[in-house]
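Just below is one structure, and these are the notes that go with it.
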Amino acid sequence: KQEVTQIPAALSVPEGENLVLNCSFTDSAIYNLQWFRQDPGKGLTSLLLIQSSQREQTSGRLNASLDKSSGRSTLYIAASQPGDSATYLCAAPRGGGADGLTFGKGTHLIIQP
Amino acid sequence: EADIYQTPRYLVIGTGKKITLECSQTMGHDKMYWYQQDPGMELHLIHYSYGVNSTEKGDLSSESTVSRIRTEHFPLTLESARPSHTSQYLCASSDGWGYTFGSGTRLTVV
């Protein structure tokens with residue numbers, strides 16, 4: 001059964017800093033990994049989808065990496081802005097032939113103006 | 001525009017009532033999912049479907065039921081709502097690779 005862990009659980013930084021959010025997963029037989037953003041009381045917005053054949057995926061100021069062998073993924077946010085404040089969720093396939101995603105508990109990010 | 005829609009956005013209902021949460025997608029995806037998220041907690045898969053007439057239970061046991069009569073529609077039903085059902089319910093669909101989520105239904109049972 002897949003387990004996903006995200007570190008740190010919470011992070012508060014001043015505007016403009018570059019930061020890294022970490023995700024680890026136990027079942028490395030994944031075909032992709034997806035990062036989402038969730039604003040308070042809202043649904044999930046997909047940020048990046050990394051295929052297992054890729055090592056990195058970029059969208060604007062966001063860059064996600066995937067290392068299947070070590071069971072890790074990182075989300076890098078460059079030049080953080082107050083609008084980046086949200087909870088960031090990492091999700092990996094449930095594994096064992098089961099469909100659907102397993103989510104981490106998320107990193108609650110606050111960017112101070 | 002291809003998207004996934006959930007209604008209602010918010011619902012406050014009394015104990016014992018029957019409720020149906022609606023989820024529809026216009027992307028033509030065969031796979032659809034329901035997740036439950038308690039405040040401040042992670043998402044847990046409660047139901048999913050591979051396509052029409054297919055329904056499966058997820059990791060988290062739930063008293064809710066689902067149906068899949070049409071590809072685009074995946075409603076979730078609670079026959080008799082209880083305060084323990086108070087939560088946010090998120091619907092998603094997938095093309096087999098990435099997942100797209102709806103805005104969620106925040107259910108409060110009083």
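The chains referred to below are lettered A, B, ... by the order of the sequence lines, with proteins before strands, and numbering in each begins at 1. None of these values were measured; they are calculated from a predicted model. Computed over heavy atoms, backbone and side chain alike; hydrogens, waters and symmetry mates excluded.
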Exercise. Quick one: are B/Leu90 and A/Gln38 in side-chain contact, heavy atoms under 4.5 Å?
Worked result: yes
For this session: Measure distances from A/Asp99 to the heavy atoms of chain B and classify the residue's part below 4.5 Å as side chain, backbone, both or neither.
Result: both
Problem set entry | Residue B/Glu56 versus chain A: region with a heavy atom under 4.5 Å | neither
Problem set entry | Stepwise side-chain contact (heavy atoms from CB on, under 4.5 Å) test for B/Leu43 and A/Leu44 | CA-CA 10 Å; B/Leu43 283 80; A/Leu44 275 62; 4.1 Å; yes
Problem set entry | Connected via hydrophobic side-chain network under 4.5 Å: B/Leu60 and B/Tyr89 | yes
For this session: Work out which heavy atom in B/Gln88 is nearest to a heavy atom in A/Lys42; give both atom names and the distance.
Result: NE2-O, 3.6 Å
For this session: Would you mind checking which part of A/Leu49 comes under 4.5 Å of any heavy atom in chain B, side chain (CB onward), backbone (N, CA, C, O), both or neither?
Result: side chain
Exercise. More than 12 heavy atoms of other residues, nucleotides or ligands under 6.0 Å from CZ of A/Arg61: is that the case?
Worked result: yes
For this session: Could you tell me whether A/Gln54 atom CD has more than 12 heavy atoms of other residues or ligands within 6.0 Å of it?
Result: yes
For this session: Please look at A/Phe36 and chain B and tell me whether the side chain, the backbone, both or neither of the residue comes under 4.5 angstrom of a heavy atom of that chain.
Result: side chain
Problem set entry | Structural part of A/Leu101 lying under 4.5 Å from a heavy atom of chain B | both
Exercise. Would you say the side chain of B/His44 lies within less than 4.5 Å of the side chain of A/Phe103, judging by non-hydrogen atoms?
Worked result: no
Exercise. A/Leu109, A/Leu89: one ILVMFWY side-chain cluster at the under-4.5 Å cut-off?
Worked result: no
Problem set entry | Cluster link B/Tyr48 to B/Leu78, ILVMFWY, side chain under 4.5 Å | no
For this session: Return yes when atom NZ of A/Lys68 has more than 12 non-hydrogen atoms of other residues, nucleotides or ligands closer than 6.0 Å, and no otherwise.
Result: yes
Exercise. About how many Å separate CZ of B/Phe101 and CD of A/Gln34, when rounded to the nearest 0.5 Å?
Worked result: 7.5 Å
Exercise. A/Ser46 and B/Tyr99: which non-hydrogen atoms are nearest, and at how many Å?
Worked result: CB-O, 4.3 Å
Exercise. In terms of hydrophobic clustering (I, L, V, M, F, W, Y; side-chain heavy atoms under 4.5 Å; direct or indirect links), are A/Leu33 and A/Tyr76 co-clustered?
Worked result: no
Exercise. Side-chain heavy atoms under 4.5 angstrom apart, residues restricted to Ile, Leu, Val, Met, Phe, Trp, Tyr: same cluster for A/Ile50 and A/Ile30?
Worked result: yes
